[in-house]
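Both ligands and their constituent atoms are indexed starting at 1 by order of listing. Note that the structure is a prediction, hence the values are computed from the model and not measured.
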Amino acid sequence: MKNEKHILCIGAGYVGGPTMAVIAAKCPGYKVTVADIDDRKIKAWNSDKLPIYEPGLYDMVKKVRGKNLFFTTDIAKGIREAGIIFVSVNTPTKTFGEGAGKAADLQYWEKTARAIVEYAEDDKIVVEKSTLPLRAAEAMHRILHSNSKGLHFEVISNPEFMAEGSAIDDMQNPDRVLVGGMRTASGKKAVDKIVSIYAHWVPKDRILTTNVWSSELSKLVANAMLAQRISSINSISALCEKTDANVGEVARAIGMDSRIGPKFLRASVGFGGSCFRKDILNLVYLCEYYSLPEVASYWEGVVRINDFQEKRFVKNIVRNMFDSVAGKKIAVFGFAFKADTGDTRESPAIYVSRMLLEERAELSIYDPEALDNAEKDLAGAKGRYELVRDPYKCAKDAHAILILTEWNEFKTLDYRKLYESMEKPAFIFDGRNILDHKALYKIGFNVFPIGSSKLSHFK
Ligand code: NAD
Ligand code: UGA
């Protein structure tokens, strides 16, 4: 294989851009090219306004861009030149045909495999960075070897475990890196080549090598287990609200059991993000495909509880605001699916906003990074809403504030000033439990946390 120090990544999205920036920064001996069909995205990667917001990303890109990191739309040239090709294209849930609503839509991924076959002039290692269904590498292998050029392609699974908002940190200090390969001589050699890239900065004992299928499945299971913890604590939050228990206290008490651990036990309005829902549904589809309906239904429950939590949040708002929000201004604080990102994919804010618009509420939405995406997400939604770039304007004359993203800046706003500018009685529904509820109650707000008793001035 030629050019083993030249990496191409196909797909310049939330994963492709940041992972390649980190690889370029940590491996100065490699040339790293990131290619995408989206010309506007590539232009943005080459500009001062990157297409995604991620703490630390801009500084990292600036350090290496034009030195050993390049962004391009010339995919054919990229394929010809690189010895190692990461594929990091989107793999959304299928919306049509067999498996619609659950299975992964692999059309973008398959197109890249076909492009590799078409433009490659020598042997390559092809790395699945996208999250794919189990045994996808086999299909990739088949497509790649349908070439009549006599070329050899080794398919490796190297799933990405970073979380948005902490992507650069996660990639610089990963809990583990997983590299799955075929158990053949050429498969093992290819695994070693991928391991040696990460070994530039990741301790060897944190780089796991497995067979391809275990690696593919581990990625789906990791996301399913993380989401399961959130759905578990969210289900308990509903019980807490009925019984005067406090979900924060419960989470703390159980999280101190070292077998359970404290992370991912923050009750919320629901989990969002581009992957949890999609990857669990993909797992569900796989279980159904392999005739395991009980296993499928077990994991589907995680998604059902998340839908329940979002709906419950809205019902709670309507019920407590005297059974009607029609014509009332409601301030939405936070539209991103989590803090420190502008990403709104599958954000609970989308569902909550749409449900409230159906109830004819008038929404005023503020988010420090996600308003452009919010505009796209709400396009076509019936009803009145405005996107506001100042939280104080957002809440002026509103009947309620909803906290839908855990942005730090929401903790330090002047809530007395906000209260004074609002209609009375004024409500706060804290979908992230980040505010000081007692202090808000003292100011005069009626406060509705997730998973603990409301603090209401009505007797
Ligand atoms: P994304 O939508 O942000 O980026 C995908 C990019 O691929 C887009 O820019 C798109 O234009 C490009 N693309 C699609 N088809 C192409 C083609 N034929 N040739 C060239 N470019 C093409 O998606 P993402 O969030 O980066 O996710 C990518 C994969 O990584 C998914 O499988 C996802 O499940 C997985 N993943 C995502 C995250 C995350 O936090 N976003 C974390 C871990 C894993
Ligand atoms: C998640 C995983 O954490 C990553 O390991 C994985 O690589 C990634 O999915 C992926 O495959 O895309 P991400 O979705 O970026 O990362 O963010 P998380 O921090 O996992 O948060 C997901 C959602 O759960 C957010 O809406 C967050 O607010 C919510 N959450 C998280 C809770 O409601 N409670 C918690 O305790 C933790």
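- Looking from atom 44 (C) of ligand 1 to the surrounding protein, the closest heavy atom is Thr131 OG1, 3.6 Å.
- Comparing Asp36, Ile10, Leu132, Asn223 against atom 12 (C) of ligand 1, the shortest heavy-atom distance belongs to Asp36.
- The closest heavy-atom contact to atom 19 (O) of ligand 2, among the options Lys338, Glu406, Glu346, comes from Lys338.
- Of the protein's non-hydrogen atoms, the one nearest atom 31 (C) of ligand 2 is Ile230 CD1, 3.5 Å.
- Closest heavy-atom approach to atom 41 (N) of ligand 1 among the candidates Arg40, Glu164, Glu128: Glu164.
- Only side-chain heavy atoms of Ser274 come within less than 4.0 Å of ligand 1; its backbone N, CA, C and O stay farther off.
- Polar contact with ligand 1: present for Val15 (N/O pair, distance under 3.5 Å).
- Of all the heavy atoms of Ser130, the ones lying under 4.0 Å from any atom of ligand 1 are found in both the backbone and the side chain.
- Near Arg432, meaning under 4.0 Å from any of its heavy atoms, are these atoms of ligand 2: 26 (O), 27 (C), 28 (O), 33 (O).
- The closest non-hydrogen atom to atom 11 (O) of ligand 2, taken over Lys219, Lys278, Glu160, comes from Lys219.
- The option from Val89, Thr73, Asp38 that lies nearest to atom 29 (C) of ligand 1, judged by heavy atoms, is Val89.
- Nearest protein heavy-atom neighbour of atom 12 (O) of ligand 2: Cys275 SG, 2.7 Å.
- Residue nearest to atom 6 (C) of ligand 2, selected from Arg277, Arg345, Met162: Met162 (by heavy-atom distance).
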